[in-house]
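We use all heavy atoms of the structure for the numbers below, so side chains are in, but hydrogens, waters and symmetry mates are not. Values in this document were obtained by computation on a predicted structure and should not be read as measured data. Numbers for residues simply follow the sequence, beginning at 1. Counting starts at 1 for both ligands and their atoms, following the listed order.
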Amino acid sequence: MADPQGFMKHSRSDAPKRPKPERLQDWNEVYLAEEPAERNAAVRTQATRCMDCGIPFCHSGTAGCPLGNLIPEWNDLVRRGDWELASDRLHATNNFPEFTGRLCPAPCEAACVLSISHDAGGAVAIKRVEETIADMSWENGYVQPSTAAVSSGKRVAVVGSGPAGLAAAQQLTRAGHEVVVYERDDRLGGLLRYGIPEFKMEKKVLDRRLSQLRREGTKFVTGCEVGVDITVEQLRAEFDSVVLAVGALRGRDDKTTPGRELKGVHLAMDHLVPANRACEGDGPSSISAEGKHVIVIGGGDTGADCYGTATRQGALSVTQLDQYPMPPSVRDDDRSPWPVWPHILRTYPAHEEAGERRFTVAVRRFVGDDDGHVRFIELQQVRVEKDSSGRRSVVPQSDEIEVLPADMVLLAIGFEGVEHMRLLDDLGISLTSRGTISCGSDWQTSAPGVFVCGDAHRGASLVVWAIAEGRSVANAVDKFLTGSSNLPSPVIPN
Ligand code: SF4
């Protein structure tokens with residue numbers, strides 16, 4: 001039984017971070033590696049703040065956890081110090097809580113009853129509790145391979161090894177199917193490997209989970225582009241079903257601002273991927289911010305990743321621009337599409353380290369030197385207006401122009417769906433108007449026996465949604481192959 005007054009006795013406290021000067025000297029995670037006993041005591045106190053609500057809004061529903069994480073249950077187990085059972089209950093709904101504990105912007109916390117009022121001291125620190133249970137599970141050996149009792153004799157190909165593909169693969173392997181994950185890159189993990197910077201999640205966290213999947217029997221093939229290195233005919237001949245978890249990596253470009261073609265103006269992923277490769281030991285990044293004035297356009301997660309990466313690369317200055325105002329509250333301001341957290345605009349650790357964020361501004365023009373390299377931007381105050389159909393337009397607020405130095409500009413303005421790939425053409429896959437892969441209520445695409453999950457279906461979204469869709473598509477594939485399934489299906493296609 002939870003302590004219903006715990007939140008009145010203890011205030012919310014987030015995980016302590018390393019000092020800023022120290023974390024800017026390396027690429028390691030920003031959070032302090034605490035002594036386990038000290039960390040566990042602090043997290044037990046945080047778990048004590050949970051009231052075990054009659055209707056736990058954190059746990060599910062439109063605003064809470066898409067995975068249906070059993071948050072009040074494991075909060076109470078942590079409060080009582082039963083970490084092993086807490087681990088069991090956490091893994092019951094989430095294949096990779098160490099990923100979500102580090103990377104998810106925690107819609108559960110925004111939905112927590114205690115987030116309603118500042119007087120309540122803020123939401124339960126659910127993400128901190130989750131990450132600690134997950135890390136404790138590895139430290140204490142609670143995470144072990146879980147192998148299938150019987151084999152179905154069916155074979156499934158999963159295309160893509162990001163969080164959606166890995167979740168689908170693990171669920172289907174555990175259900176007794178032979179699963180082969182194909183990854184076109186040289187290393188596994190998709191965005192977890194080459195999109196997410198090391199300072200948000202060290203790759204050893206990904207690698208230890210991959211070792212569990214391998215020991216359970218999931219097979220992996222890297223450096224293989226399905227549709228090119230393996231034809232669709234081969235795929236159809238060798239597998240009973242296919243899961244497309246190919247992500248939504250087609251970066252939105254700026255097609256209108258004069259000067260976009262200048263050297264030094266890049267899409268965000270063109271900056272993040274080589275930076276992550278450098279952390280993997282592949283040599284210096286081909287696009288580095290060292291010694292440059294850097295402008296990041298776009299106020300979302302990807303923009304924050306570019307921001308922290310540029311800072312660590314030794315940028316002279318980093319400025320992040322957003323057309324939208326800083327919202328005073330998620331509940332009374334729907335103007336910004338960027339992540340907000342109860343009552344305030346989300347601030348990432350990268351924003352605390354250096355640089356500047358500017359709101360209600362837009363670039364009027366990129367200005368280059370004689371060599372065609374960007375050197376300045378012209379900036380204007382703007383406001384975003386919505387017409388009656390919901391279409392947004394950016395309107396200048398004055399004729400005043402501000403000039404900022406800019407040797408490198410990173411466009412982090414979103415993604416436009418799946419990349420063009422021969423695999424989709426050869427399978428005859430239909431796309432939605434948003435450039436994502438369409439599917440029926442059973443996650444099956446226009447190609448029979450071919451299913452889709454994660455960003456490829458949903459569009460660029462949160463890691464928690466990718467895992468939830470991976471789990472759900474596994475249920476659908478299992479049913480397709482065997483006629484029924486006991487696997488969970490936490491979400492339905494949108
Ligand atoms: Fe606990 Fe908050 Fe969930 Fe209520 S909404 S059960 S206080 S975490």
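Taking distances strictly below 2.8 Å, the protein N/O/S atoms close to atom 2 (Fe) of ligand 1 are Cys112 SG.
For residues 3-42, the set of pairs meeting the ring-ring contact (aromatic ring centres under 6.0 Å, His included) definition, not counting sequence neighbours, is empty. Applying the ring-ring contact (aromatic ring centres under 6.0 Å, His included) rule to pairs touching residues 452-492 yields Trp443-His457, Phe451-Phe480, sequence neighbours excluded. The stretch residues 157-176 participates, sequence neighbours left out, in no ring-ring contact (aromatic ring centres under 6.0 Å, His included) pair at all.
Across Gln144 and Gln212, no two heavy atoms sit closer than the pair O-NE2, 3.1 Å.
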What do the steps show when you test Tyr307 against Arg357 for side chain to side chain donor-acceptor pair (under 3.5 Å), and what is the final call?
CA-CA 10 Å; Tyr307 192 105; Arg357 299 177 82 179; over 6 Å; no
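Atoms SG and NE2, on Cys112 and His59 in that order, are 14.0 Å from each other to the nearest 0.5 Å.
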